[in-house]
Amino acid sequence: MPELPEVETVRQGLAKWVTGRTIRAVEVHHPRAIRRHLTGDAHFIALLTGRTITDVSRRGKYLWFPLDSGDAIIGHLGMSGQLLMQPADAEDEKHLRIRFTFTDDGPQLRFVDQRTFGGLSVSEGGAELPDEIAHIARDPMDPLFDDELFVARLRAKHTEIKRAILDQTLISGVGNIYADEALWRAQLHGARLTDQLTKPAVRRLLAHIRDVLAEAIVAGGTSFDELYVNVNGESGYFDRSLNAYGREGEPCHRCGTIMRREQFMNRSSFSCPRCQPRPRTIRH
DNA sequence: ATAATACCCTGGCCGC
DNA sequence: TGCGGCCAGGGTATTA
């Protein structure tokens, strides 16, 4: 499941492999992969053919490729999307959705996506920051992320803390895995209410979010299966460092209590019953 | 206005 | 072995 560390790992790989290269041709193999490009595949292809990729940028879980035209390719991996560099003679992947070839006849860029929650689109004039993702908050690895603004906005909300840190308009890049990891480190249950947390408590949580994201980037991300890999098809190894996610029935790495799983926001949340007690207050 | 829910997808896995 | 049902969950549209 690509969250910020996985997307950043992909970004770094792409930056090395596609920056400065000129697109010769684009093939769209599945319409759903460009469903967010509202003007259709012919227009998508026309905007890209002959253009040179000048950089690879990221905000949260979104990627974009600025082009020499001033436009940008926007990419989101969704649940199972992959952006792979492949030699031209490599066999097509079963779930190949979009293929880019380049004028240098070097490795192709392929968008592969089993569950089709991800996709690409072109943002006209979006090289600096596409309008389509301007509503996404800066992520905590961004030098311009405003810590105190985040603390204030979070505490102004009336919701559960896990919902808040998964809200990409408040802080971007955090998904279910790293949310559970950061909450475990901060010793907070995800159902704690944002407006009942102190400023220092929120600052501590933010520091843990930053730490866990940074450590995961160093590890190349978290891989449970073949659905997340870097541009060369390799898995990350942060799964070996997880303290919460997926650890139901196993002892807490801090206190030894057996970890629990709870249904939360229609997905699984993992926590320690002792280190992260449920709040006593009833939601209203 | 904000908050919470429904929906989109596929394939691996489980129990019968 | 086959099959129905469940599960993974990011982002957005819809509902409350």
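Predicted model, so just to flag it, every value in this text is computed and none were measured. Throughout, a chain's letter reflects where its sequence line sits, starting with A, and its residues are numbered from 1.
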**Q.** Candidate pair L170(A) and R153(A), rule side-chain contact (heavy atoms from CB on, under 4.5 Å), full reasoning
**A.** CA-CA 7 Å; L170(A) 188 60; R153(A) 288 189 63 203; 3.5 Å; yes

Q: May I ask you to decide if the ring planes of F145(A) and F150(A) are parallel, tilted or perpendicular, using 30° and 60° as cut-offs?
A: tilted

Q) For R247(A), what residues pass the side-chain contact (heavy atoms from CB on, under 4.5 Å) criterion, not counting sequence neighbours? A) E250(A), P251(A), H253(A), M259(A)

Q) Is the F264(A) ring parallel, tilted or perpendicular to the H189(A) ring (thresholds 30°, 60°)? A) perpendicular

Q | Five-pair end axes of the helix from dT2(B)-dA16(C) to dC16(B)-dG2(C), angle between them (10°) | A | 50°

With the criterion being N/O to N/O and under 3.5 Å, what pairs connect the protein with nucleotides 10-14 of chain B, and how long is each?
| residue | atom | partner | partner atom | Å |
| --- | --- | --- | --- | --- |
| dG11(B) | OP1 | H95(A) | NE2 | 2.9 |
| dG11(B) | O4' | Q114(A) | OE1 | 3.4 |

Q.
At a heavy-atom distance below 4.0 Å, which nucleotide of DNA chain C is the first touched by chain A, and which is the last?
A. dA8(C) to dT12(C)

Q.
Within the supplied structure, the quantity of interest is the number of heavy atoms (other residues, nucleotides, ligands) at a distance under 6.0 Å from R274(A) CZ; does it exceed 12?
A. no

Q. Can you name the nearest heavy-atom pair linking R278(A) to A191(A), along with the distance?
A. NH2-CB, 4.1 Å

Q. What is the nucleic acid contact for F264(A), judged by heavy atoms within less than 4.0 Å: base, sugar-phosphate only, or nothing?
A. nothing

(Q) Could you report the tightest heavy-atom contact between V174(A) and K61(A), atom names first, then the distance? (A) O-NZ, 3.2 Å

Q: Report the hydrophobic cluster partners of L38(A), with the cluster defined as I, L, V, M, F, W, Y residues connected by side-chain heavy atoms closer than 4.5 angstrom, directly or transitively.
A: none

Q: Compare side-chain N and O positions of R163(A) against OP1 and OP2 of dT5(B) and report whether any pair is under 4.0 Å apart.
A: yes

**Q.** Residues forming a side-chain contact (heavy atoms from CB on, under 4.5 Å) with Q86(A), sequence neighbours excluded
**A.** L84(A), A90(A), E93(A), R110(A)

Q. Whole-Å distance between dA3(B) C1' and D195(A) CG?
A. 13 Å

(Q) Regarding R261(A), tell me which of base, sugar-phosphate or nothing describes its non-hydrogen contacts under 4.0 Å with the strands shown. (A) sugar-phosphate

Q) Hey, what do you get for CZ (F65(A)) to CG (L14(A)), rounding to the nearest 0.5 Å? A) 4.5 Å

Q. Which whole-number value in Å describes the distance from R267(A) CZ to dA6(B) P?
A. 13 Å

Q: To the nearest Å, give me how far apart CZ (R36(A)) and C1' (dC9(B)) are.
A: 13 Å

**Q.** Check: D180(A) side chain, Y245(A) main-chain N or O, donor-acceptor pair, under 3.5 Å
**A.** no

